[in-house]
Amino acid sequence: MPQVLVASNRGPVAYTRAEDGLNARRGGGGLVSGLSAIGADADALWVCAALGDADRAAARRDGGRLPLADTGGQRVRMLDIAPDVFADAYNGIANSVLWFVHHMLYQTPFEPVFDTAFEKAYAAYETYNTAFADALAEDADEGASVLVQDYHLTLVPGLLRARRPDLRIGHFSHTPWAPPDYYRLLPDDTAAAVLRGVLGADRAAFLTRRWAEAFAACCADVLGAEVRRDGEALSVLHEGRTTRIGVHGLGADADFLRERAHRPDVEERLAALREQIGGDNRRTVVRVDRTELSKNIVRGLHAFRRLLEDHPEWRERVVHLAFAYPSRQDLAVYRDYTAEVTRTAEEINAQHGTATWTPVVLHVEDDFARSLAAYRLADVALVNPIRDGMNLVAKEVPVVSDAGCVLVLSREAGAHEELSADALSVNPYDVRGTARALDAALRTPPEERAERCKRLAAAATALPPQRWFLDQLEALRAL
Ligand code: G6P
């Protein structure tokens with residue numbers, strides 16, 4: 001039976017329907033490469049949810065235990081959760097409530113409204129968390145370590161501890177954590193249940209010190225828990241149990257990125273992008289994001305327009321490459337936001353574009369090779385989220401950049417804690433300030449750019465995914 005278990009909403013494999021059955025496609029990301037660090041022989045199991053119909057069909061075979069051929073050898077158990085329960089838990093609570101709270105995205109005169117629809121969705125969130133806790137309790141070996149991921153699964157540590165007190169349980173939040181005044185928008189019983197759920201873990205870990213402190217402050221404020229400090233070490237005592245608080249700042253995977261960024265498909269995309277940019281030696285301001293409300297893409301476009309208006313000398317001389325890939329399109333507010341991104345980009349092009357210059361080149365179809373090509377040619381990287389757990393783009397661009405880029409970085413991104421010394425910091429709400437930072441970034445002399453970029457890349461790769469994962473596991477086992 002497995003000694004190491006990982007639980008997350010999205011697993012390492014997704015299925016689509018094909019003529020001859022189901023097609024499996026493996027995904028990437030920090031967790032996938034992190035888990036690979038424990039080696040193929042180690043007895044590890046990844047428990048995840050079926051996200052769509054094809055996943056559900058796969059999850060119905062063999063108790064959800066996926067064929068190793070589909071997963072690249074990784075043992076995966078995919079849970080067949082009823083579609084309406086999944087939709088309410090994932091869209092209704094995880095993405096529309098907890099994500100909004102931690103990223104502080106509400107327009108509070110109108111929302112949130114916690115009423116009957118919320119109660120129904122929250123009941124589904126409990127059911128969905130219980131399905132994970134049951135599966136983990138069933139499959140974990142005696143004394144195994146279980147690493148539970150993110151805001152989808154906040155109740156799992158508490159539920160799992162009640163079922164299997166022998167396990168070592170860790171919870172990791174990949175998002176920011178809201179400060180207490182904002183966290184308390186949640187109904188009081190929900191606010192307490194989520195904290196108690198996470199405190200069911202032996203260790204609760206975060207991407208930065210700031211989010212760890214916010215979590216501890218919420219525990220003190222909402223639950224009356226005791227927060228203990230011993231030097232750097234932080235822990236929360238509640239109802240006779242201690243939960244250690246950890247910080248692990250996930251870094252970029254330099255070896256993978258550098259190799260991948262020099263393959264022929266990326267070279268092809270580079271040539272195509274250069275064509276679109278046009279002109280002689282035009283500079284580029286690059287952004288690559290999911291079209292996510294927290295990423296602040298629209299204000300980024302406004303800042304670029306402001307740059308052209310306040311500094312007309314940049315007209316014809318700079319192009320904004322904005323890649324905004326669709327995300328969470330089941331939610332109306334995300335669809336509206338996506339439309340607003342396109343509308344704003346078109347408006348800027350109509351206002352300022354000329355026969356020979358398109359100021360904003362917007363791409364909305366996800367293409368990893370093209371993203372890497374943009375990273376390579378970026379003169380300036382614009383990373384201006386409203387709030388972000390870490391933001392790996394801020395770490396990836398400096399690693400891949402050919403000639404060295406200047407990073408314009410929101411002070412509300414987790415990455416800011418590690419990169420602020422060599423980035424240009426911005427307040428994400430301040431369009432004028434962001435435009436000024438873009439101007440300063442474009443004016444940075446090449447040698448200074450290259451030097452700063454080298455230091456950014458070093459800081460960005462300090463904790464690569466494999467080490468990030470092993471550190472968490474070792475810290476849990478050492479308790
Ligand atoms: C981002 C966040 C993660 C989160 C994920 C969910 O990557 O940083 O905290 O788990 O989004 O995205 P999904 O597409 O699965 O809803």
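Read the numbers this way: they start at 1 and go in the same order the structure lists the ligands and their atoms. Please read all numbers here as calculations on a predicted model, not as lab measurements.
Tested against T291, the residues T338, V364, T342 include a single side-chain contact (heavy atoms from CB on, under 4.5 Å) partner, T338.
Note on D430 versus R299: no salt bridge recorded, every NZ/NE/NH1/NH2 to OD/OE distance being 4.0 Å or above.
Under the 6.0 Å distance and 45° angle rule, R25 does not count as a cation-pi partner of Y15.
For the side chain to side chain donor-acceptor pair (under 3.5 Å) test, no residue two or more places apart in sequence or in another chain qualifies with D253. For the salt bridge (Lys or Arg N to Asp or Glu O under 4.0 Å) test, residues two or more places apart in sequence or in another chain that qualify with R467 are D471, E474.
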Please report, to 0.1 Å, the donor-acceptor pairs under 3.5 Å made by any side chain of residues 194-211, with sequence neighbours excluded.
unit_1, atom_1, unit_2, atom_2, d
D202, OD1, R161, NH2, 3.0
D202, OD2, R161, NH2, 2.9
D202, OD2, I169, N, 2.8
R203, NH1, H248, NE2, 3.1
R203, NH2, H248, NE2, 3.3
T208, OG1, R210, N, 3.3
T208, OG1, W211, N, 3.3
T208, OG1, W211, NE1, 3.3
R209, NE, E213, OE2, 3.3
R209, NH1, E232, O, 2.8
R209, NH2, E213, OE2, 3.1
R209, NH2, E232, O, 3.2
R210, NH1, E412, OE1, 3.2
R210, NH2, E412, OE1, 2.7
W211, NE1, G389, O, 2.8

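Contact residues of ligand 1 (protein heavy atom closer than 4.0 angstrom to a ligand atom; sorted by chain and number): R10, Y90, W99, D150, Y151, H152, H174, T175, R290, R328.
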